[in-house]
Amino acid sequence: YPTWKRTLTRRAREAQMNRFCKAQTIQRRLEEIEVTFRELEQQGIKLEKLLRDEDGTPADQKTQWMNQLLYLVQKKNNLMTEESDLMIVVQELKLEEQQWQLDQKLRCYMNREESLKTPEDRLAEQEILAQLVDVVNKRNALIHIQEEKRLSEL
C-alpha cells in the first residue's frame, strides 16, 4: 500500500473528524441559543406585564422597563442572526461531507482501467460527476449568501 495512499486516507479521516467535531460544537451552541431564547422570552413577558400594570409607577421606572425590553429584543435579534449563520455553516458541513463521499466514489470509478469499464460504470461515473458539480454549486451559493450577509452588515 503506497505511502501517498495512506497519507490521503489519514487526511480524509482527519478532515471527517474535524467536520464531525465542528458539527457537534455548532449543535451545542444551537441548543444554548434555544435555552437563551426561552429565558429572554420569559424576561420579556415579565417586563410586558410590568409595563401594562403601570398604575402609579413613576415615569423613570417605566422608562427603565422599556429600555430593558428593548435590550432584550436587541439581544434576541443578535441570537437569531447567530443562529442563521450557524445554520448556514451546518449546511456547508453537510455539503462538504457529501462532496467528500461523491469524490471517493468518483475516484473508485476513475481508478479503474478504461478498457475494463462497463457502460454502466461509465454512466455511474457521469452521474456521480454531475452530482459532484451540483454539490459544488450549492456550496458556492452558500458562500455567496455568507458574503452578501457580511457586506450588508458592514
Side-chain angles (χ1 to χ4, degrees), residues 1-49 64-154:
Y1 205 62
T3 304
W4 64 271
K5 283 188 177 182
R6 283 195 306 260
T7 303
L8 284 177
T9 305
R10 183 176 41 80
R11 285 186 182 162
R13 278 195 312 262
E14 287 173 358
Q16 194 171 20
M17 280 303 293
N18 285 340
R19 285 191 298 273
F20 180 72
C21 290
K22 195 172 183 180
Q24 280 186 323
T25 303
I26 290 170
Q27 185 61 39
R28 274 195 301 274
R29 181 61 187 142
L30 287 171
E31 290 169 1
E32 290 171 2
I33 288 174
E34 187 65 33
V35 168
T36 307
F37 270 146
R38 281 190 237 117
E39 291 171 357
L40 291 175
E41 198 68 33
Q42 292 301 317
Q43 292 174 5
I45 290 170
K46 288 178 185 176
L47 285 171
E48 277 188 54
K49 285 181 181 177
Q64 185 181 7
W65 289 338
M66 189 60 80
N67 287 338
Q68 287 176 349
L69 190 60
L70 291 174
Y71 173 75
L72 291 178
V73 169
Q74 181 183 17
K75 198 170 180 182
K76 187 174 178 183
N77 287 340
N78 290 340
L79 286 174
M80 288 176 68
T81 301
E82 182 182 357
E83 184 180 40
S84 75
D85 290 344
L86 289 174
M87 294 307 288
I88 289 173
V89 173
V90 166
Q91 278 298 110
E92 193 172 346
L93 286 173
K94 284 180 183 178
L95 289 173
E96 191 176 324
E97 179 68 23
Q98 190 177 1
Q99 181 179 348
W100 179 80
Q101 291 172 355
L102 289 170
D103 189 47
Q104 294 302 312
K105 288 179 185 178
L106 186 61
R107 284 178 192 272
C108 288
Y109 283 109
M110 294 180 92
N111 286 337
R112 289 185 188 164
E113 186 66 37
E114 196 65 36
S115 60
L116 299 176
K117 289 183 185 178
T118 65
E120 291 82 19
D121 289 342
R122 288 185 180 89
L123 182 62
E125 187 177 335
Q126 291 302 314
E127 287 176 8
I128 291 171
L129 188 59
Q131 290 174 351
L132 191 59
V133 168
D134 185 48
V135 168
V136 169
N137 287 336
K138 287 178 182 177
R139 286 185 69 192
N140 187 43
L142 282 177
I143 290 169
H144 184 69
I145 289 170
Q146 285 176 320
E147 185 64 20
E148 284 180 354
K149 281 182 75 170
R150 187 186 67 81
L151 290 175
S152 70
E153 288 173 358
L154 292 177

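Environment of CZ in R112: crowded, with over 12 heavy atoms of neighbouring residues, nucleotides or ligands closer than 6.0 Å. Counted within 6.0 Å of CZ on R11, heavy atoms from surrounding residues, nucleotides or ligands total 12 or fewer; the atom is thus considered open.
Taking the charged nitrogens against the carboxylate oxygens, K105 and E127 have no contact shorter than 4.0 Å, which rules out a salt bridge. In this structure, E97 does not pair ionically with K94, as no charged nitrogen and carboxylate oxygen lie closer than 4.0 Å. Look at E32 and R28 and you find no salt bridge, because none of the NZ, NE, NH1 or NH2 atoms lies under 4.0 Å from a carboxylate O.
The minimum heavy-atom distance linking L95 with V135 is given by the pair O-CG1, 3.3 Å. The two residues Q131 and L102 come nearest to each other via the heavy atoms OE1-CD2, 3.1 Å. Residues R122 and K117 share a closest heavy-atom pair of NH1-O, 3.0 Å. Nearest heavy-atom pair, D103 versus L132, reported as atom, atom and distance to 0.1 Å: N-CD1, 4.3 Å. The shortest non-hydrogen separation linking L69 to L47 is N-CD1, 3.6 Å.
For the pair Q104/W100, a side-chain contact is recorded, criterion being any heavy-atom separation below 4.5 Å from C-beta on. Taking 4.5 Å as the limit, some side-chain heavy atom of E31 sits within range of a side-chain heavy atom of Q27. At a threshold of 4.5 Å between non-hydrogen side-chain atoms, the residues K5 and L8 do not count as touching. Residues L142 and V89 form no side-chain contact, since every pair of their non-hydrogen atoms from C-beta on lies 4.5 Å or further apart.
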Trace of the side chain to side chain contact (heavy atoms under 4.5 Å, CB included) decision for L79 with L40:
CA-CA 10 Å; L79 286 174; L40 291 175; 3.7 Å; yes
| Yes or no on side chain to side chain contact (heavy atoms under 4.5 Å, CB included) for M87 and I26, after CA distance, side-chain angles and deciding distance? | CA-CA 9 Å; M87 294 307 288; I26 290 170; over 6 Å; no
From CA spacing to verdict: side chain to side chain contact (heavy atoms under 4.5 Å, CB included), F20, Q16:
CA-CA 6 Å; F20 180 72; Q16 194 171 20; 5.9 Å; no
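Atom CG in L72 sits 11.0 Å away from atom CG in N67 (nearest 0.5 Å). To the nearest 0.5 Å, the span separating CH2 on W65 from CD on E48 amounts to 13.0 Å. Once rounded to the nearest 0.5 Å, the distance linking CD of E14 with OG1 of T7 reads 10.0 Å. D134 CG to L129 CG: the interatomic distance, rounded to the nearest 0.5 Å, is 11.5 Å. Here the CD atom belonging to Q43 is positioned 9.0 Å from the OH atom belonging to Y71, to the nearest 0.5 angstrom. Here the straight-line distance linking atom CD of Q101 with atom CD of E96 works out to 11.5 Å at 0.5 Å rounding.
Pairs engaging residues 78-92 under the side-chain hydrogen bond (donor to acceptor under 3.5 Å, both in side chains) rule: R29-E82, S84-K149, D85-K149 [sequence neighbours left out].
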